[in-house]
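Remarks on the structure that follows.
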Amino acid sequence: MPSVYITNPIPEIGVNLLLKKGYKVEINKSSRDLTVEGLKKIVGDYDAVLSFLTNKIDAGVIDFASKHLKVIANFAVGFDNIDARAANARGIAVCNTPGVASESVAEHTFAMILALNKMITQQDRFVRDGKYKKWDPNLFLSHQVWGQTIGIIGLGRIGTFVGQIANGGFRMKILYFDIRRAEDFELLTDAQFAPVHKILKDSDIVSLHVPLTEQTKHLIGKEELRLMKNSAILINTARGPIVDEEALVWAIKKKEIAGAGLDVYEHEPEISKELLGMENVIFSPHTASATFETRNEMSRIAAQNIIDVLEGKEPFGLVKV
Ligand code: GLV
């Protein structure tokens, strides 16, 4: 009977799928993430591991995999926490849950865009603090988002949804960059394909939607932030290390840009203290995909990926590197 280790509790839909197959399922119920030593033991003992993005499964951990381990199924769209090449080299499939988070993350991106533009957190605090004494036409004045230019860097599923909301909801002008042009998207949204430096220069909002790879690490550093308009904001709901956090602190302090909306951090869960002290930065704790709809689908697909690999079928979320 195949054995599956789940590194953190997940919605029951996925667990039930595995149990229905008669697999032996063990779930780590501790509130702490597994240590490297813990991960090494697990890859040595089980046929399948269902992992979280906080489990760093690098080549050093994969070295400890037993010959029984067939699949590591990440409960995430991103899979930068797993050395998929090292895993594949030992015949271990790596899987993710593609597509499930696109709507949620696109909505979260817009929640941040709107909250920053309309200073929602400051307004909320103002009212709670009893400072609302009288209507004032100059109170919390902001520019409308309608008609602004959004620059989308990375036009995968999430970037595409962000573009559709921007166009359909706010009639925004869209600039985008991806490794491929997307003519259908251009037709649908009037978006213009542009190099990254032009996007940075011309956008009021720059939103990042690329995966984290060696090429995208620190894609946004001092030089890039310097190119942005002083009035522009940066949104990162992708992966923290895509932005050089120290450079971001510098850019906001120097008023090179007007603010940022961050769901992810370079040294997650650590966040620069200076950043935390900034009024024009809005934070969320890596929750852009945190909707019931998405989490249930992640659970179902991660479990189904495991079942498919163990049954010798190609899983929906097979990572190809
Ligand atoms: C969340 O960040 C994910 O990759 O699913």
Side-chain angles (χ1 to χ4, degrees), residues 6-11 13-15 33-34 39 49-58 71-85 87 93-113 152-162 178 207-220 234-243 245 260-271 282-306 315-321:
I6 305 182
T7 65
N8 287 276
I10 59 168
I13 180 170
V15 181
D33 270 321
L34 290 169
L39 286 168
V49 176
L50 197 154
S51 54
F52 268 24
L53 52 83
T54 45
N55 303 134
K56 192 159 174 48
I57 306 179
D58 58 15
V71 52
I72 303 170
N74 222 26
F75 180 87
V77 177
F79 50 87
D80 47 277
N81 57 309
I82 304 173
D83 188 334
R85 275 203 180 82
V94 173
C95 300
N96 68 339
T97 61
V100 297
S102 315
E103 294 85 346
S104 300
V105 177
E107 286 176 6
H108 199 90
T109 300
F110 261 88
M112 288 195 140
I113 291 171
I152 299 172
I153 301 183
L155 197 81
R157 294 184 186 90
I158 298 172
T160 302
F161 275 116
V162 168
D178 195 81
S207 196
L208 305 174
H209 301 289
V210 288
L212 175 63
T213 62
E214 273 161 35
Q215 290 75 40
T216 61
K217 182 165 188 233
H218 285 190
L219 179 71
I220 304 297
L234 176 74
I235 308 289
N236 188 6
T237 54
R239 283 292 183 265
I242 296 166
V243 177
E245 200 164 291
L262 305 173
D263 184 50
V264 288
Y265 308 92
E266 185 166 4
H267 307 290
E268 215 164 305
E270 302 298 320
I271 306 177
I282 184 164
F283 305 93
S284 54
H286 202 148
T287 48
S289 64
T291 60
F292 292 110
E293 292 81 0
T294 294
R295 292 289 185 254
N296 283 335
E297 269 303 273
M298 286 163 89
S299 177
R300 188 186 67 75
I301 292 173
Q304 191 61 47
N305 284 337
I306 289 177
F316 166 70
L318 184 67
V319 167
K320 294 180 178 146
V321 283

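All ligand and atom numbering here is 1-based and tracks the order in the structure.
Residues passing the side chain to side chain donor-acceptor pair (under 3.5 Å) test with Thr160, sequence neighbours excluded: none. Residues passing the side chain to side chain donor-acceptor pair (under 3.5 Å) test with Glu297 are Arg300, sequence neighbours excluded. With sequence neighbours excluded, the residues forming a side-chain contact (heavy atoms from CB on, under 4.5 Å) with Pro285 are Thr287, listed by chain and number.
Taking each heavy atom of Ser102 and Gly99 in turn, the nearest pair found is OG-O, 3.1 Å.
One distance of note links OG of Ser51 with CG of Asn81; it measures 6.0 Å at 0.5 Å rounding.
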Protein N/O near ligand 1 N/O, under 3.5 Å, which pairs?
unit_1: ligand 1; atom_1: 2 (O); unit_2: Arg239; atom_2: NH1; d: 2.8
unit_1: ligand 1; atom_1: 2 (O); unit_2: His286; atom_2: NE2; d: 2.7
unit_1: ligand 1; atom_1: 4 (O); unit_2: Val77; atom_2: N; d: 3.3
unit_1: ligand 1; atom_1: 4 (O); unit_2: Gly78; atom_2: N; d: 2.8
unit_1: ligand 1; atom_1: 4 (O); unit_2: Arg239; atom_2: NH2; d: 2.7
unit_1: ligand 1; atom_1: 5 (O); unit_2: Val77; atom_2: N; d: 2.7

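When only modelled atom types and interatomic distance are considered, Thr294 and Ser289 share no side-chain donor-acceptor pair under 3.5 Å.
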